[in-house]
Protein chains: 2
Amino acid sequence: MTFSEENYLKTIYHLMAVSDADISTNAIAEKMETKASSVTDMLKKLAEKELVNYIKYQGVSLTEKGQLAAKMIVRKHRLWETFLVEKLDFSWDEVHDLAEQLEHIKSEKLINKLDDFLGNPTEDPHGDAIPDASGRITKIEKQLLSELEKNRVGICVGVKDTSSDFLKYLDKQEIALGSQIEIIEKESFDSSFRIRVGTKEITISHKIASNIYIK
Amino acid sequence: MTFSEENYLKTIYHLMAVSDADISTNAIAEKMETKASSVTDMLKKLAEKELVNYIKYQGVSLTEKGQLAAKMIVRKHRLWETFLVEKLDFSWDEVHDLAEQLEHIKSEKLINKLDDFLGNPTEDPHGDAIPDASGRITKIEKQLLSELEKNRVGICVGVKDTSSDFLKYLDKQEIALGSQIEIIEKESFDSSFRIRVGTKEITISHKIASNIYIK
DNA sequence: AAATTGTTTTAGACTAGACTAAAAAAATAT
DNA sequence: ATATTTTTTTAGTCTAGTCTAAAACAATTT
């Protein structure tokens with residue numbers, strides 16, 4: 001499987017995780033910052049290899065085989081991210097692009113040994129689940145901070161948006177995985193939140209609150 | 001720089017280390033298992049980028065810039081090999097192909113952090129020198145086992161041939177980096193050697209003896 | 001010095017993956 | 001129901017890197 005094929009599979013996998021319905025050519029093109037015509041070409045190729053179910057003009061979904069392949073790429077991505085943060089001391093906003101490269105290294109043995117070396121983690125540095133060697137995923141129960149009631153307290157267990165900008169913002173506010181967060185007030189006018197992080201009190205927008213997972 | 005460009009540079013670098021004279025198109029083609037015409041195409045491209053000095057029909061050599069780039073690839077290759085053996089518990093005959101992939105990961109920061117994580121090693125698991133971040137190489141004084149006199153004792157500090165077959169043979173004979181080796185007898189008829197490795201006495205051919213470095 | 005052999009380069013073709021522009025199909029609006 | 005807009009596909013072009021076959025050059029032999 002080529003790098004490009006792997007990137008398409010991964011993108012379709014992530015899109016399927018949020019949409020249920022078949023994935024459109026345009027949705028893939030947009031996410032990958034490429035053109036719809038390029039996507040069509042690749043979908044034909046992936047369908048030929050029985051990695052996706054593709055019907056002209058009707059969108060695409062992963063086959064069992066494609067799903068497993070995609071999970072293995074996600075597994076690699078998240079294990080490498082964990083390695084970079086835990087062992088090489090990278091911060092959580094730096095690791096995505098590097099993992100995008102490392103996820104294409106071809107060796108089952110390597111990734112399984114890396115998994116063991118890291119102590120078989122079930123979540124990556126952003127709180128996302130790491131599929132095991134057979135593709136099984138341990139679901140983490142969590143909810144968005146924005147869904148929490150006033151006066152409730154929770155622990156930050158993940159982030160929805162993993163962009164560098166958002167993660168740097170969280171660093172600045174001293175919000176990290178494991179941080180205790182308490183909802184002090186919900187402002188109905190602009191849906192912003194007054195929260196306590198550790199000992200500090202800060203105000204965050206609804207957009208921020210709806211990108212933080214709490215347990 | 002593309003993967004392919006990097007592979008050509010690395011090959012030229014390794015050929016220059018053993019030959020002094022300019023490197024021929026055919027030598028590169030043979031080492032890379034490709035065709036001479038493909039090599040010519042790439043040499044033009046590398047010359048264009050001022051990574052090599054190339055004159056039609058006269059062979060090629062690395063420029064300063066090319067040399068540094070090649071060293072950085074070798075550095076990455078050898079640091080990843082060290083990581084695989086030291087941290088992930090791979091054996092020394094398994095790591096070459098994996099390092100061929102990992103050496104193309106693009107990030108200076110990553111490789112420097114990996115270097116630190118490994119304790120800034122100066123040699124890889126085969127006893128080859130690892131260039132530092134600025135390309136400097138700590139020369140290791142060593143000689144071939146085949147050049148040693150009778151009754152001399154030395155420590156294995158490296159191997160010349162790093163093929164999986166040869167390394168597996170050494171494993172079988174219980175020869176590893178750090179093994180003490182004593183020359184018991186040199187057989188003049190076939191130039192074979194009677195040696196003691198640790199407590200065991202074995203016979204090895206001249207070919208074997210001329211691929212083991214001793215200090 | 002000419003002929004032969006071997007090496008290297010050129011010319012032209014191929015593939016994967018991207019692109020643009022145009023055509024076809026589907027969805028939406030009137 | 002027809003017209004318009006949007007989405008998707010097709011057709012054809014481009015680039016990087018490879019290849020084969022032929023031509024050009026260099027080295028060796030006679």
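Each chain gets a letter, A, B and so on, in the order the sequences are listed, and its residues count up from 1.
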**OP:** Calculate the interatomic distance between A/Gln58 atom CD and D/dT8 atom C1'; express it in whole Å.
**Re:** 12 Å
Subject >> D/dT9 OP1/OP2 closer than 4.0 Å to side-chain N/O of A/Tyr54 >> reply: yes
Original post:
Is it true that B/Glu149 and B/Lys186 have a side-chain N and a carboxylate O under 4.0 angstrom from each other?
Top reply: no
**OP:** Identify the heavy atoms of B/Val74 and B/Lys10 that sit nearest to each other, and give their distance.
**Re:** CG2-CG, 4.4 Å
**OP:** Report yes if at least one side-chain N or O of A/Ser4 is closer than 4.0 Å to OP1 or OP2 of C/dA18; otherwise report no.
**Re:** yes
Original post:
Counting only non-hydrogen atoms, which of residues 7-25 of chain B are less than 4.0 Å from DNA chain C?
Top reply: B/Ser24, B/Thr25
**OP:** Can you spot which of A/Arg78, A/Lys76, A/Arg75 makes a salt bridge (Lys or Arg N to Asp or Glu O under 4.0 Å) with A/Asp115?
**Re:** A/Arg75
Subject >> B/Tyr57 side chain, from C-beta outward: closest of C/dT10, D/dC25, D/dT10 >> reply: D/dC25
Subject >> Enclosure of B/Lys31 NZ (heavy-atom neighbours >12, cutoff 6.0 Å) >> reply: yes
**OP:** Sequence neighbours left out, what passes side-chain hydrogen bond (donor to acceptor under 3.5 Å, both in side chains) with A/Asp41? Give chain and number order.
**Re:** none
**OP:** State yes or no: are the ring centers of A/His96 and A/His126 separated by less than 6.0 Å?
**Re:** no
Original post:
So does A/Asn26 get a side-chain nitrogen or oxygen closer than 4.0 Å to the phosphate oxygens (OP1/OP2) of D/dT8?
Top reply: yes
Original post:
Quick one: is D/dT10 close enough that its OP1 or OP2 comes under 4.0 Å of any side-chain N or O from A/Lys56?
Top reply: yes
Original post:
Using a heavy-atom distance cut-off of less than 4.0 Å, which residues of residues 27-38 of chain A contact DNA chain D?
Top reply: A/Ala36, A/Ser37
Original post:
Is A/Gln143 atom CD crowded by more than 12 heavy atoms from other residues, nucleotides or ligands, each under 6.0 Å away?
Top reply: yes
**OP:** Look up atom CZ in B/Phe83 and atom CG in B/Leu88, then write down how far apart they are to the nearest 0.5 Å.
**Re:** 4.0 Å
